[in-house]
Structure formats: C-alpha cells, structure tokens
Amino acid sequence: MKKFFSVVAAFFMLTSVCIHAQTVTIPHINPPAASETIEKGLDLRSIDNIILTISKESAYNPPVAKLCNGAITGIRDYLKSKRLYKTHIPFNSSSLSPEKAIEAFNNTYGKIKSQYPKADPEQISYAAVRGALKQIGDNYAQFMTPKEYKALMDQMKGGNFGGIGVYVELDDKNKLIRVINPIEDSPAEKAGIKKGDEIIKINGVPIKDMENVAKANEKLRGEPGSEVTITVKRGKLQPFDVTLTRDIIKTHSVSYKMLDNKIGYIRIALFAERTGEEMRDAVSALEREGARGFILDVRGNGGGYVTSAIQTVSLFVPTGSNVVTLVKEGAGDIPYTSLPNVRYGLSIPMAVLIDKGSASASEITAGALQDYKKGILVGVTSYGKASVQKIYPLQNSTAMKFTTSHYMTPKKRLIDKVGIEPDVVSKFSESKPIRSEKDDVQLQKAIELVSEKISSDKSGDGFSMSSAIKSPSFSNDLTQISEMFPNGYEIVNSELILSEDILYERFTIKTDGVERDVYFTRGSVFEK
C-alpha cells in the first residue's frame with residue numbers, strides 16, 4: 001500500500017520519506033533558442049533532460065529507453081482519460097541506445113502534439129514525466145504541479161496556513177485520509193478529532209468518488225473562517241459528521257514541555273527545514289528549566305529532511321560521529337557525520353518513543369541514538385523505510401522527486417522493510433482509548449525508565465567524559481572549540497582529570513551567558 005503523510009492545514013503531501021536537502025541542477029542538452037516560445041508546462045528539451053536525470057540519479061538505474069517508453073505510455077493514458085485517444089501511437093525504444101531513444105521519443109512527441117491539437121499541451125508534458133517516473137518502480141517517485149510543489153515547500157519551511165490543523169496519512173488503497181495527530185490548539189483538536197480517526201467524506205462527498213486522495217486532501221484547506229464538514233470513522237463507531245471552522249494554523253515541527261521529575265518532553269511532528277533549530281531551542285529551554293532527562297517522541301512522524309535528522313542527532317552525540325550512511329549502487333557509501341555539539345560531555349538520560357508510523361528521518365534519528373546508546377527506544381517496531389529522495393525543481397515552478405539512495409544506521413544496520421525494534425516493547429490496548437497522558441502507556445513507560453535512570457545517576461551534575469573529543473594538542477582543542485562556538489566564547493577554566501588511567505582535559509566555556517563543559521582526551525597514561 002502506498003502511503004503519504006501530510007499536514008492538513010491543509011497542505012498537499014509529505015511522503016513517508018527522507019528528503020535529501022540538496023539543490024539539484026538538471027543539466028540541459030541544449031539551451032532553447034532565443035526566438036523559441038516557451039509554452040505552459042514543460043518544453044521538450046526539459047523533458048529530455050528529466051529523462052536523462054532520472055536514469056542517472058535514480059537508485060534503481062532505469063535505462064533511458066525504458067523511461068522513454070514510459071513517457072509515451074503516460075501520454076497515451078492521459079489522452080484516453082480525456083477520451084481523445086483515437087489512433088494508436090506506435091512506439092518502442094527498448095532496443096535503442098540512450099541517444100537514439102531520446103531522438104525517437106522527440107519525433108513521436110512532436111507527432112502527438114500535431115495529431116491532438118485539442119489536447120492540453122501542459123498536461124501532455126506532465127503526463128510524459130509521470131509516465132517516465134512510473135517506470136522506475138519507485139513507490140516514492142512523484143511529479144508535482146506548481147500548486148503541489150509550493151504546498152510541499154510551504155509545509156517543509158513551516159509557516160501559517162488556512163485549514164483544520166491535522167497531520168494525516170493519505171491511504172490510496174482504501175481511499176481515505178487517516179489522522180496521525182491533530183495540531184495543538186487547532187480547530188481539529190478543539191473539535192475532538194483524535195489520532196487514528198479516518199476521514200471518509202468531505203462536505204458529504206465520499207473520498208472514494210473523488211479524483212484521488214491527494215486532491216481530496218486539498219479540499220480540507222481554505223480561507224480562515226470558512227467551514228468544512230468531514231465525516232469521521234472512529235473504530236467500531238458509526239461514522240459521524242464534524243463541522244470545522246478553518247483557521248490560521250501555526251505550524252511548528254517541534255513542541256516541548258516539562259513533565260514531572262524534571263523530564264523534558266520533546267515532540268517532533270516532522271523533520272522540516274527548521275527542525276534542527278527548533279530542537280536546539282527546545283533542548284536549551286528545557287535545560288534552563290533544570291531538565292534532568294528527556295523523552296523524544298517521533299511517533300507518527302513520517303520523515304522529512306535528512307539534514308534535520310542529522311542536526312537533531314548532533315545534539316546528543318560527539319562531533320564527527322557517523323549519523324547515517326547513504327548507499328547507492330555503483331557510487332559507494334557516503335557517510336554523514338554529526339555537527340559540532342555545544343553540549344559536549346553532557347550525558348543525560350533519554351527515551352525515544354517510536355511506533356509503526358515512525359519512518360525515514362525518524363528512523364535515522366532513533367537508529368543513531370540507539371546505536372550510540374544515547375537513548376532507550378520505547379514503543380513498537382518502526383515503519384522500515386530506508387530510502388532517500390531528492391527534490392528536483394523543474395521548469396515553470398514544477399518539480400519531481402524520486403529515490404536516489406538508501407541508508408544504513410551507524411552500526412550498518414539495514415532497516416528497509418524491517419524497521420527498528422524498540423529496546424522496550426510497549427503496545428496500546430485497543431479496548432482502552434487514550435483520553436489523557438495517563439492513558440498513553442508508551443509515554444508512561446518512557447517516564448518510568450527515564451525516572452529510574454535519573455534516580456540511579458551518580459554523576460551529580462549530569463556530565464560525563466564518555467563523549468570526550470580525541471585531541472592530540474592544545475591548539476587542536478582551540479580549533480575544535482572555535483568550530484563549536486562560532487559566535488564567540490570565553491574559556492572560564494580548564495583542568496586535567498585522570499579517570500580509569502585515561503587523562504582528560506576539561507574546558508569550561510562561557511557563550512551567550514551560559515557555561516558549558518567540553519572534554520578532551522589525551523589518551524591512556526599507562527600501558528596495559
């Protein structure tokens with residue numbers, strides 16, 4: 001079943017993927033002549049370059065000829081859907097070289113444009129790209145219209161939008177929209193919409209009767225103050241209607257609060273563009289309030305930017321630690337390491353909540369923290385999505401995305417279609433609804449485990465030398481510290497510490513009015 005995750009403020013969709021935050025320039029075969037008129041949609045040269053890019057960049061290495069066949073098939077299907085298709089369009093480039101396949105495609109494409117003058121040229125160009133993408137065999141490949149691309153980028157950047165305020169999963173197979181979580185203080189939350197609710201109708205129209213679930217999803221958004229009625233199916237109850245007044249939805253990917261026993265709770269709804277920054281703010285705020293432990297909740301988080309996952313993990317592991325390794329056949333392994341960590345040496349008890357809706361960037365985060373023993377995983381096995389997609393901006397504000405690589409955790413675990421198993425399994429009882437935090441058995445288990453760790457922590461100030469930086473010299477220390485505190489710092493104190501026959505140097509750094517301890521190791525003092 002193909003699944004999509006989205007913030008319905010209402011937005012289009014964020015697939016349950018990792019998005020590689022990289023600007024990609026598609027090479028052009030030849031620039032269009034200055035006198036050539038560029039029509040709406042994609043011109044032929046752009047489609048050629050798209051086909052070549054898919055063949056070169058896709059993790060599945062589809063042949064150019066196969067993509068050309070798919071592009072023509074996509075056009076045929078579009079014409080048939082509009083009841084315009086009258087004469088068979090012969091085309092088969094399977095035995096042709098890439099250059100000849102592109103040439104044959106261009107000739108056939110031109111004939112189609114001439115043969116079907118009433119067909120929308122913009123939609124023909126879109127159909128060609130959709131058809132090519134379909135040939136990859138990649139469930140996460142997608143062509144995006146300007147409206148769809150803008151909606152996705154708005155969602156990933158964060159912002160304010162008119163809608164009902166829920167994170168949802170788009171279920172194409174069953175033709176419904178499933179609620180992952182309502183957004184805090186949104187119309188949906190205030191109306192009592194709950195996690196797991198299924199939206200089966202919008203304004204009385206069954207979603208199964210609409211063009212597709214993504215289009216149905218768009219109908220949930222609208223001008224603030226306008227109303228929308230949704231039909232909700234909840235468990236074994238009879239479907240019921242809820243009328244919501246759309247409002248401005250203020251989206252943040254990270255929310256946090258302090259729980260009892262000085263445990264800081266942080267929820268990441270998705271790994272958006274500003275998630276790393278929001279995570280730093282959340283951790284800093286909770287530490288200022290005296291947090292002695294953390295619970296990181298990525299349940300129902302379908303993914304997002306790889307870079308945001310790396311920034312999140314970087315808050316809890318030593319600088320330069322491998323967070324994730326991207327793997328593409330024929331291209332070698334590409335490790336991505338953690339960023340400079342201003343919290344060096346800080347060892348604090350943490351639990352990570354995961355469930356079957358935790359996918360991709362969530363699994364990168366959970367997997368790395370589990371591998372480095374920085375957090376105990378609580379919940380049920382995660383989704384098992386270890387592929388990474390890139391977004392390619394195209395002509396006339398369109399875009400496409402497809403899988404370009406797969407990934408492994410720091411310990412080289414392959415979790416695709418397998419998922420990450422929690423350290424402590426905790427399941428919900430279907431017979432007991434969740435009405436409050438006390439009913440959230442997974443959260444309560446995480447609180448119990450972190451509280452036990454806090455009680456048994458004998459380090460006092462919470463600092464540990466276990467994540468000290470290996471450094472051969474004092475000058476190297478200063479280089480590391482400068483990278484960690486680019487906005488300026490003051491060395492308040494330094495001292496040598498001998499622990500278990502290993503010599504450390506601790507620097508107390510003051511930056512932005514806050515003191516931090518940074519540990520460097522000088523190596524073993526005695527041979528063993």
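Atoms considered below: every heavy atom in the structure, side chains included; atoms not considered: hydrogens, waters and symmetry mates. Along the sequence shown, residues are numbered consecutively beginning with 1.
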> Say you draw a straight line from OG1 of Thr53 to CD1 of Ile50; how long is it, rounded to the nearest 0.5 Å?
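Interatomic distance, Thr53 OG1 to Ile50 CD1, rounded to 0.5 Å: 7.5 Å.
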
> Can you tell whether the side chains of Asp197 and Lys233 come within less than 4.0 Å, N to carboxylate O?
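No.
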
> Tell me, which pairs form a salt bridge (charged side-chain N to carboxylate O under 4.0 Å, His left out) where one or both residues lie in residues 295-311, sequence neighbours left out?
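Every salt bridge (charged side-chain N to carboxylate O under 4.0 Å, His left out) pair that includes a residue of residues 295-311, provided the two are not neighbours, is Arg267-Asp297, Asp297-Arg299, Arg299-Asp440.
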
> For the pair Glu277 and Arg280, find out whether any cationic side-chain nitrogen is under 4.0 Å from an anionic carboxylate oxygen.
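No, this pair does not count.
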
> Side chains of Glu273 and Thr275 only: does a donor on one sit below 3.5 Å from an acceptor on the other?
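No - no donor-acceptor pair under 3.5 Å links their side chains.
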
> With sequence neighbours left out, write down each residue that passes side chain to side chain donor-acceptor pair (under 3.5 Å) with Asp120, or none if nothing qualifies.
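Partners of Asp120 under the side chain to side chain donor-acceptor pair (under 3.5 Å) test: none.
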
> Quick one: pull up CD1 in Ile295 and CG in Leu286 and give me the separation to the nearest 0.5 Å.
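Reported value, rounded in 0.5 Å steps: 11.0 Å.
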
> Between Asp371 and Arg413, is the closest basic N to carboxylate O distance under 4.0 Å?
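A salt bridge links Arg413 with Asp371.
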
> Which residues pass the side chain to side chain donor-acceptor pair (under 3.5 Å) test with Lys257, sequence neighbours left out?
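Partners of Lys257 by the side chain to side chain donor-acceptor pair (under 3.5 Å) criterion, ordered by chain and then number, come out as Glu437.
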
> Ser46 and Gln395: side-chain donor and acceptor closer than 3.5 Å?
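Yes, Gln395 and Ser46 have a side-chain donor paired with an acceptor closer than 3.5 Å.
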
> Treating Lys86 as the side-chain partner and Tyr116 as the backbone partner, does any N or O pair qualify as donor plus acceptor under 3.5 Å?
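Answer holds: no.
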
> Among side-chain atoms of Thr243 and Thr229, is any donor-acceptor pair under 3.5 angstrom?
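Note: Thr243 and Thr229 side chains meet the donor-acceptor criterion.
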
> Just checking, any donor-acceptor pair under 3.5 angstrom between side chains of Ser58 and Asp138?
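Judged by distance alone, the side chains do not pair up.
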
> Who pairs with Tyr265 by ring pair (Phe, Tyr, Trp, His ring centres under 6.0 Å), at least two apart in sequence or on another chain?
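Result, ring pair (Phe, Tyr, Trp, His ring centres under 6.0 Å) vs Tyr265: none returned.
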
> For a 4.5 angstrom cut-off between non-hydrogen side-chain atoms, does Tyr256 reach Val283?
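Of all side-chain heavy-atom pairs linking Val283 with Tyr256, none is under 4.5 Å.
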
> Mind checking whether Thr404 and Tyr392 have side chains closer than 4.5 Å, heavy atoms only?
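Yes - at least one pair of side-chain heavy atoms lies under 4.5 Å apart.
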
> In this structure, are over 12 heavy atoms from other groups packed under 6.0 Å from Asp209 atom CG?
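Count over threshold, so yes.
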
> What residues, two or more places apart in sequence or in another chain, satisfy side chain to side chain donor-acceptor pair (under 3.5 Å) together with Lys150?
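Side chain to side chain donor-acceptor pair (under 3.5 Å) list for Lys150, sorted by chain: Asp154.
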
> Take atom CD of Gln444 as the centre, draw a 6.0 Å sphere, and report whether it contains more than 12 heavy atoms from other residues, nucleotides or ligands.
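Yes, enclosed.
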
> Name every donor-acceptor pair, under 3.5 Å, that has one atom in a side chain of residues 126-134 and the other anywhere in the protein, sequence neighbours excluded.
unit_1 : atom_1 : unit_2 : atom_2 : d
Tyr126 : OH     : Glu122 : OE2    : 3.2

> Working to the nearest 0.5 Å, report the span between CD1 of Ile177 and CD1 of Ile207.
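So the gap between those two atoms works out to 4.0 Å.
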
> Quick one, Gln123 and Tyr78 - any side-chain contact, counting heavy atoms below 4.5 Å?
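Touching, per the 4.5 Å side-chain cut-off.
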
> Counting only heavy atoms not in Lys80, do more than 12 fall under 6.0 Å of its NZ?
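Counting other residues, nucleotides and ligands, NZ of Lys80 exceeds 12 neighbours.
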
> Classify the ring geometry between Tyr85 and His88 as parallel (under 30°), tilted (30 to 60°) or perpendicular (over 60°).
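Perpendicular, since the angle between the ring planes exceeds 60°.
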
> Do any N or O atoms from the side chain of Lys390 and from the backbone of Thr403 form a donor-acceptor pair under 3.5 angstrom?
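No; judged by distance alone, with no hydrogens or angles, the pair does not exist.
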
> With salt bridge (Lys or Arg N to Asp or Glu O under 4.0 Å) as the criterion, how do Lys147 and Glu218 come out once you've worked through the C-alpha distance, each side chain's angles and the decisive distance to 0.1 Å?
CA-CA 10 Å; Lys147 184 177 180 181; Glu218 291 180 9; 3.5 Å; yes

> Does Leu296 reach the side chain of Met279, with side-chain heavy atoms less than 4.5 Å apart?
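Of all side-chain heavy-atom pairs linking Met279 with Leu296, at least one is under 4.5 Å.
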
> Is it true that the NZ or CZ of Lys374 lies under 6.0 Å from the centre of Phe294's six-membered ring and within 45 degrees of the ring axis?
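Verdict for Phe294: no cation-pi partner in Lys374.
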
> Hey, are the side chains of Ile183 and Val166 touching, using non-hydrogen atoms and a 4.5 Å cut-off?
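Ile183 does not reach Val166 side chain to side chain.
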
